[in-house]
Amino acid sequence: MLLARTLPELRDACAALRSRYPLLALVPTMGALHDGHLALLRAAPPVTGIVASIFVNPLQFGPSEDLSRYPRDEAGDLAKLKGAGCHLVWLPDVATMYPPGDATAIEVRGPAERWEGDARPGHFRGVATVVARLFGQVRPDLACFGEKDWQQLQVVRRMVADLLLPVEIVGVPTVREPDGLAMSSRNRFLSAEERGRAPALHGALRGVADRLSAGTPAGPALTAGRAALFAKGFDVDYLELVEGETLTPLPAPETGSRLIAAARLGGIRLLDNIAA
Ligand code: PAF
């Protein structure tokens with residue numbers, strides 16, 4: 001497995017991979033890797049050179065969000081990537097990603113508005129900007145993103161479509177713990193007692209989906225889902241039925257619609273979503 005920490009190293013390593021593989025896939029990460037990230041690597045077609053990036057992107061953290069608390073474990077991450085068949089790891093530092101004089105950011109509207117866009121002002125600007133830069137640096141043919149961050153996936157798809165970027169976006173289904181909790185780097189911050197209650201988020205989404213399938217109107221089905229979460233001690237930021245691509249609220253399920261939720265348990269904000 002190759003490592004690159006500077007743009008010249010990345011250029012040489014990508015050229016070496018391109019001479020061996022017809023396609024390059026990028027798996028962008030912020031490290032603290034778990035099986036959900038490794039599933040992104042496995043989603044690449046077999047004849048693909050796989051590049052994973054590890055960069056904790058300061059631009060996507062708000063002033064009230066603790067960037068310094070974000071878990072970092074480079075040695076552990078590299079071992080996991082090697083075990084999962086990664087060919088090249090791109091490890092830029094902040095000055096490489098945002099050099100002095102840098103003056104360009106990407107602002108996506110549409111799917112970036114509402115929900116996480118409201119809760120975390122500037123977050124998707126940071127995500128879109130770093131993802132566009134990673135695409136410019138690595139120039140992948142395809143890039144894999146988890147459905148766990150459904151809104152992020154739609155923001156990236158919108159950006160790629162609007163800017164005609166020559167990269168195929170592959171959405172990868174959420175990887176869950178046996179009890180249904182979506183894998184996330186944030187789960188490690190849950191206390192043992194909170195970890196026991198955390199699967200209720202997925203349970204509430206499933207409960208709403210079952211009610212909708214049984215013909216309950218969306219309003220009462222969503223109210224019941226929120227109530228189930230309150231009963232488990234969650235503070236619910238939102239639990240909504242939305243159109244899958246635009247994230248606009250829907251009065252009833254339709255093809256491609258999604259149930260999305262964000263709820264806090266202790267200080268930890270958990271996100272999840274399922275098809276509806
Ligand atoms: O999902 C993440 O880990 C990050 O938002 C991403 C896509 C790597 C951009 O920093």
Side-chain angles (χ1 to χ4, degrees), residues 36 62 64-65 108-125 127 145-159 161 171-184 186-187 190 193-276:
S64 63
E65 297 170 341
V108 180
R109 293 194 297 274
E113 293 165 343
R114 301 194 173 98
W115 322 125
E116 292 310 289
D118 282 339
R120 307 180 66 189
H123 171 67
F124 286 127
R125 187 174 199 264
V127 170
F145 291 83
E147 289 185 351
K148 154 79 172 46
D149 293 306
W150 183 264
Q151 191 173 6
Q152 168 173 280
L153 174 61
Q154 305 316 313
V155 168
V156 171
R157 285 193 192 285
R158 187 72 258 165
M159 174 183 76
V172 181
T174 302
V175 178
R176 298 182 181 281
E177 303 286 357
D179 59 11
L181 178 65
M183 288 195 185
S184 164
R186 293 180 191 172
N187 293 350
L190 296 166
E193 190 276 326
E194 289 161 351
R195 174 63 189 83
R197 281 186 286 141
L201 183 57
H202 181 237
L205 288 168
R206 286 253 53 89
V208 176
D210 290 347
R211 282 189 166 85
L212 293 173
S213 309
T216 306
L222 291 167
T223 302
R226 292 179 201 120
L229 286 173
F230 281 123
K232 284 281 185 185
F234 284 79
D235 290 320
V236 181
D237 286 354
Y238 55 81
L239 193 175
E240 296 291 344
L241 174 67
V242 297
E243 205 272 330
E245 283 181 23
T246 61
L247 281 287
T248 48
L250 285 175
E254 58 177 45
T255 308
S257 60
R258 212 79 196 169
L259 286 166
I260 58 167
R264 279 164 289 127
L265 195 52
I268 311 307
R269 196 153 175 279
L270 300 177
L271 303 187
D272 204 349
N273 70 88
I274 60 171

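Please read these numbers as outputs of a predicted model, since none were measured by experiment. Start at 1 with the first residue, then count along the sequence.
In terms of heavy-atom proximity, P173 sits nearest to G171 at CD-O, 4.0 Å. R197 and G233 get closest at one heavy-atom pair: NH1-CA, 3.7 Å. For the pair A261 and L205, the tightest heavy-atom approach, listed with the atom from each and the gap, is CB-CD2, 3.9 Å. Among all heavy-atom pairs drawn from P121 and D118, the shortest one is CD-O, 3.7 Å. Summarising the geometry of L181 relative to A198, their closest heavy-atom pair is CD1-CB, 3.8 Å, with the distance given to 0.1 Å. Closest of all the heavy-atom pairs between R211 and A224 is CZ-CB, 3.6 Å.
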(Q) Apply side chain to side chain contact (heavy atoms under 4.5 Å, CB included) to residues S257 and L241 and explain how you reach the verdict. (A) CA-CA 7 Å; S257 60; L241 174 67; 4.0 Å; yes

Q: Kindly indicate, with the supporting measurements, whether the criterion side-chain hydrogen bond (donor to acceptor under 3.5 Å, both in side chains) is fulfilled by T246 and E243.
A: CA-CA 6 Å; T246 61; E243 205 272 330; 2.7 Å; yes

Q: Using the side chain to side chain contact (heavy atoms under 4.5 Å, CB included) rule, take H202 and R176 through it: C-alpha gap first, then chi angles, then the decisive distance, then the call.
A: CA-CA 10 Å; H202 181 237; R176 298 182 181 281; 3.2 Å; yes

(Q) For a side chain to side chain contact (heavy atoms under 4.5 Å, CB included) check, start with the C-alpha distance between L247 and Q154, then their side-chain angles and the critical distance, and finish with the verdict. (A) CA-CA 8 Å; L247 281 287; Q154 305 316 313; 3.6 Å; yes

Q: With side chain to side chain contact (heavy atoms under 4.5 Å, CB included) as the test, would you mind laying out the steps for R226 and F234 before giving the verdict?
A: CA-CA 9 Å; R226 292 179 201 120; F234 284 79; over 6 Å; no

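Rounded to the nearest 0.5 angstrom, L270 CG and N187 CG are separated by 6.0 Å. If you take CG on L239 and CZ on F230, they are separated by 10.0 Å, rounding to the nearest 0.5 Å. Here CD of E240 is found 4.0 Å from CH2 of W115. Values are rounded to the nearest 0.5 Å. Of the inter-residue distances, the one linking R195 atom CZ with D179 atom CG reads 4.0 Å to the nearest 0.5 angstrom. Rounding to the nearest 0.5 Å places CG of L265 at 9.0 Å from CG of L201. In this structure, the separation between CD on E116 and NE2 on H123 is 6.5 Å, given to the nearest 0.5 Å.
For W150 (side chain) and G244 (main-chain N/O), a donor-acceptor pair under 3.5 Å exists by modelled atom type. Side chain of E147 to backbone of N273: no donor-acceptor contact under 3.5 angstrom is found.
When the options V155, V156, V108 are evaluated for a side-chain contact (heavy atoms from CB on, under 4.5 Å) with F124, the one that passes is V155. The side-chain contact (heavy atoms from CB on, under 4.5 Å) with L259 is formed by just one residue from the set L212, V242, L250; it is L212.
Remark: R269 engages D237 in a salt bridge, criterion side-chain N to carboxylate O under 4.0 Å. Salt bridge absent: R258 and E245 never bring a charged side-chain N and a carboxylate O closer than 4.0 Å. In summary, D272 and R206 do not engage in a salt bridge, as defined by a charged side-chain N under 4.0 Å from a carboxylate O.
In this structure, R264 places its CZ atom where more than 12 heavy-atom neighbours from other residues, nucleotides or ligands lie under 6.0 Å away.
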